[in-house]
Amino acid sequence: MAVSANKIHLSGLARKLVLDGFLEEAAAAEHHQKALSKKMGFLPYLVENNLVPASDIAVSASQEFGVPVVDINSMEIDIDIVKLVKEDLIRKHNSIPIFKRGKRLYIAVSDPTNLMALDEIKFATGTNTEAILVEQDKLAKVVEKALEEMEGGLGDMDDDDLEDLEGLEVADESTPQADDGGDEIDDAPVVKFVNKIMLNAIKKGASDLHFEPYEKYYRVRFRIDGVLMEAARPPISLAGKIAARIKVMSRMDVSEKRVPQDGRIKLKLSKSKSIDFRVNTCPTLFGEKACLRILNSDAAALQIDMLGYEDHQKEQFLENLHKPYGMFLVTGPTGSGKTVSLYSGINIINQIDVNICTAEDPVEINLAGVNQVQVDEKTGMTFDKALKAFLRQDPDIILVGEIRDLGTASIAVKAAQTGHMVMSTLHTNDCPQTLTRLQDMGIAAFAVATSINLITAQRLCRRLHSEYREPLDLPHDSLLDEGYTEEEVEKGVKLFEPVTGNDDCPSGYKGRAGIYQVMSISDASKRLIIEGANAVQLADQALKEGIWDLRKSGLQKALQGLTSLSEVNRVTIE
């Protein structure tokens with residue numbers, strides 16, 4: 001309801017919003033004072049606190065100041081036009097150039113009273129500036145996206161963070177390099193671009209970087225919280241130079257482009273902090289694809305309570321961890337957190353009276369008090385050779401990064417049967433399949449049954465942001481179809497789904513949580529293994545014993561509000 005103008009003592013946009021009935025006079029004055037106290041503009045304050053819809057503000061402002069209003073989402077933003085204005089000015093005024101006609105530059109603004117923005121941009125670019133009014137929330141997203149594209153390009157990439165990089169150190173200095181590709185290696189813009197991409201990946205908490213050449217374009221993608229997202233699109237003509245730069249940093253053979261290569265990069269961020277990257281290149285149809293895995297041991301949480309085990313699962317985990325001998329296996333796909341789970345266990349039993357030896361490829365987490373060996377196929381240091389050496393090193397605990405073949409599996413099983421605790425990982429889907437997989441590799445059923453104490457299968461699902469989630473209502477039958485029991489549905493199943501499109505958290509998810517199946521090998525399961533039972537029969541036995549499968553564990557995480565049902569379906573439905 002509109003308010004009489006005679007009672008209004010406000011001016012400008014605040015007065016107009018009161019007249020149009022979007023705010024009460026007292027409320028407008030109060031919000032105006034709060035915005036000033038927080039050193040914010042009145043308009044951004046209203047939008048950020050959801051006090052007036054951004055679309056209504058834009059219409060009122062357009063009428064008040066006679067500035068045309070447009071829907072910026074319907075426009076195609078030309079990055080070359082955006083680059084006419086420096087990044088610091090765009091961020092300072094939350095304003096962005098959207099098109100140019102002759103010497104006139106049209107600037108998208110959400111606050112038409114911000115004359116300083118137009119004047120500073122006019123002075124910096126030497127053009128005449130004119131305001132185009134857009135909605136505050138839409139403008140913020142467009143600005144952020146445009147700036148990300150600018151960062152991904154090879155133009156002016158000056159960044160204070162780049163100055164913090166003291167240099168790049170290479171883990172293996174002995175690997176020979178070819179002299180080929182000198183022009184590609186020394187291309188300064190490419191060097192800056194690769195450094196900045198790596199730094200941005202670290203800032204955003206990515207686990208992997210993908211540099212991918214295609215026929216008509218080149219893209220860089222980050223894997224964040226288990227999901228790939230596009231980070232940059234440099235020109236396709238630079239594909240060879242980017243690949244060469246990465247290979248030089250990784251101490252690979254630059255001249256060899258026909259076969260896959262493995263390497264490692266140490267990115268030194270400061271005198272006391274560095275981050276390692278495991279690098280693999282693979283020749284594709286249109287050039288070499290490079291994949292970089294970030295090995296940030298500082299980011300690993302080695303506390304059992306932080307991993308997300310349910311109480312009964314944690315109890316089984318700890319009980320089997322302290323057994324004097326046997327095998328303790330963690331299984332799951334690449335990137336599911338297996339190494340962190342193993343090292344969380346190692347961290348608990350890492351005491352002065354325990355000798356722990358590990359063989360890994362690569363060593364991802366450095367832990368004082370643990371004898372860690374880097375497996376290197378080139379020098380002949382394989383998993384099975386490391387294991388044979390460990391057995392002569394008076395070990396109490398042996399950790400094998402991964403059981404890949406029969407040789408490694410045989411030695412690991414024998415060690416577990418002769419008084420040692422052996423911890424390792426496999427790539428299988430769940431616990432019952434792990435038991436049959438070892439037999440498929442050639443391990444006798446009796447040896448599998450008598451050597452394994454515990455298997456943990458796990459996945460990582462994205463965690464809902466506590467501030468950007470909303471309730472999800474599903475009918476009774478749908479909840480039963482998803483896997484909830486009649487008893488759970490009767491008690492009340494409260495689920496949440498992400499709220500997308502927020503500037504702070506666009507996906508509605510932040511971080512990840514673990515979903516686990518923890519299976520101790522009971523006497524009944526041992527008998528089934530010896531009798532030659534398949535994975536389905538072993539899974540049925542586990543269900544009889546009350547062992548949660550991954551699906552059940554995921555549904556409980558959704559019930560606790562930690563994640564969404566759609567995310568559980570993404571990581572657990574086969």
Side-chain angles (χ1 to χ4, degrees), residues 22 31 34-35 38 40-41 43-58 71-73 91 94 110 134-149 151 200-208 221-231 299 301 306-308 335-337 459-475 478-479 482 484 492-515 553-573:
F22 294 117
H31 297 321
K34 286 183 178 179
K38 292 187 176 184
M40 290 180 64
L43 187 151
Y45 179 84
L46 294 178
V47 174
E48 184 177 299
N49 292 279
N50 298 314
L51 299 170
V52 181
S55 57
D56 293 334
I57 293 175
D71 180 5
I72 198 169
N73 286 347
R91 290 193 183 278
N94 193 37
S110 58
V134 299
E135 296 167 41
Q136 164 77 16
D137 51 352
K138 291 181 180 179
L139 177 61
K141 294 175 186 177
V142 169
V143 166
E144 199 59 40
K145 183 179 179 182
L147 292 178
E148 283 184 6
E149 289 188 38
E151 289 181 353
N200 285 346
I202 295 168
K203 281 182 180 178
K204 294 184 178 181
S207 60
D208 301 86
R221 292 192 290 174
F222 296 162
R223 187 177 293 279
I224 299 175
D225 292 337
V227 178
L228 282 169
M229 55 159 281
E230 189 170 296
M306 297 179 67
L307 297 182
S336 60
R459 299 289 188 277
L460 290 177
C461 66
R462 290 180 292 172
R463 186 187 293 267
L464 283 169
H465 194 295
S466 58
E467 295 181 9
Y468 300 114
R469 64 177 190 173
E470 60 186 7
L472 172 66
D473 292 325
L474 286 178
S478 296
L479 291 171
E482 290 290 347
Y484 289 104
V493 174
K494 188 176 182 180
L495 303 175
F496 294 89
E497 60 183 350
V499 176
T500 59
N502 300 283
D503 293 337
D504 294 338
C505 186
S507 66
Y509 295 101
K510 187 174 184 180
R512 289 193 284 180
I515 295 176
S553 182
L555 291 174
Q556 290 303 307
K557 287 289 189 294
L559 196 60
Q560 295 162 12
L562 293 175
T563 190
S564 65
L565 187 58
S566 60
E567 183 66 6
V568 172
N569 290 338
R570 183 180 72 85
V571 299
T572 63
I573 289 183

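Fair warning: this is a prediction, and the values are worked out from it, not measured in the lab.
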Item to check | Main-chain N/O of Gly308 paired with Lys557 side-chain donor or acceptor, under 3.5 Å | outcome: yes
Next on the checklist: I'd like to know if the side chain of Arg570 and the backbone of Arg462 have a donor-acceptor N/O pair within less than 3.5 Å.
Outcome noted: no
Closest approach of [X] to [Y] (non-hydrogen atoms, all atoms of both residues):
X	Y	value
Val571	Cys461	CG2-CB, 4.1 Å
Phe496	Gly561	CD1-CA, 4.0 Å
Ser507	Pro498	O-CB, 3.5 Å
Val52	Asp56	CG1-CB, 4.2 Å
Ala558	Val568	CB-CG2, 4.1 Å

Do [X] and [Y] come within less than 4.5 Å of each other through their side chains, counting heavy atoms only?
X	Y	value
Tyr509	Leu464	yes
Tyr484	Leu474	no
Val142	Asn73	yes

How long is the span from the [atom1] atom in [X] to the [atom2] atom in [Y], to the nearest 0.5 Å?
X	Y	atom1	atom2	answer
Arg469	Arg463	CZ	CZ	11.0 Å
Asp225	Lys204	CG	NZ	12.5 Å
Arg512	Thr563	CZ	OG1	11.5 Å
Glu470	Thr500	CD	OG1	8.5 Å
Leu51	Phe22	CG	CZ	13.5 Å
Glu482	Leu555	CD	CG	7.5 Å

Next on the checklist: Taking NZ in Lys510 as the centre, count heavy atoms belonging to other residues, nucleotides or ligands within less than 6.0 Å. Is the count above 12?
Outcome noted: no
